[in-house]
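Here the structure is a predicted model, which means the values were calculated and not measured. One-based numbering, in listed order, for ligands and for the atoms of each.
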Amino acid sequence: MEIRVLGCNGGILPGFRSSSFLINERILIDSGHVADVLTLEEQNRIRDIFITHFHLDHTKDIAFLTDNAFGDHNLPISVYGTEQTVSDFQRHYFNNVTWPDFTKINSGNNPIVRLVAVRTREKTVAGGMEVTSFIVNHSIDGVGYAVRDGSTIVVFSGDTGPTDGLWDIVNGDMNVKAVFVETSFPNELQAIADASGHFTPQTLDADLRKLTKSTIPIYLYHLKPRYYDTIIKEIEALKRDNLIILQNDLRLTF
Ligand SMILES: [Zn+2]
Ligand SMILES: [Zn+2]
């Protein structure tokens, strides 16, 4: 499995991009920052987008991906999420106010977008892979995703604070090769992190005690740009060898 990091930051500033992971050049996990990173040809290969939750830093570039898709006759693009997320897309995004309703506008014989509600722990086959969602703990309805390619599984937390759903999935399968976990705020903003459903280094450290596989690589992402250096110092102070700060544009193979 090849994972290309299109964006892995908890906000946008020059050099910082919001969350998007391209897997095997075929599917996206979140769509926060895509349209000015991938060429049109690369965008045209994406037909399946799995959204962890409706927040704008995970969804904003669906607007520009779908706009760029007009004229392509090999559609639709399927956008997957929980029932709540899919309903939010229809009411607040593809509503002919925020953006044209691309679920009703055809390019060729097909609509540009198809919204698909997926139940947690239900397997969805897309791009030759199998994707399973699990509930996490964010300020709005949110899930993480486990992506299986052959015998390799990689797990994405989405936005979450302390959670059992993530670690149950990771502990439950020997084939999990890597975990991508958010760490949004520094320890001094613990109250904000708790209220908004995010990790700090100290709550991440406590949650990692639920992990039974101490050597599995944990890639940390969604660090808030304003607190980036502080969060990194606090992560380094944990002295856990398996924690890696994720970088934009990395291509990781598992
Ligand atoms: Zn969020
Ligand atoms: Zn976010």
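Counting only N and O atoms by type, the side chains of H33 and S20 include no donor and acceptor under 3.5 Å apart. S157 and E182 are not linked by any side-chain donor-acceptor pair at a separation below 3.5 angstrom, with hydrogens and angles left out of the test.
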Which pairs of donor and acceptor atoms, one on a side chain in residues 118-128, lie under 3.5 Å apart (sequence neighbours left out)?
unit_1, atom_1, unit_2, atom_2, d
E122, OE1, R119, N, 2.7

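Of all the N, O or S atoms in H222, the one closest to the Zn ion (ligand 2) is NE2. The nearest N/O/S atom of H55 to the Zn ion (ligand 1) is ND1. Of all the N, O or S atoms in D57, the one closest to the Zn ion (ligand 2) is OD2. Looking at D159, its N, O or S atom nearest to the Zn ion (ligand 1) turns out to be OD2.
Among the backbone and side-chain atoms of H53, none of the N, O or S atoms lies under 2.8 Å from the Zn ion (ligand 2).
Taking the six-membered ring where tryptophan is involved, the planes of F54 and H92 are tilted, since the angle between them lies from 30° to 60°. A perpendicular orientation is assigned to the rings of F180 and Y221, their planes being inclined by more than 60° (bins at 30° and 60°).
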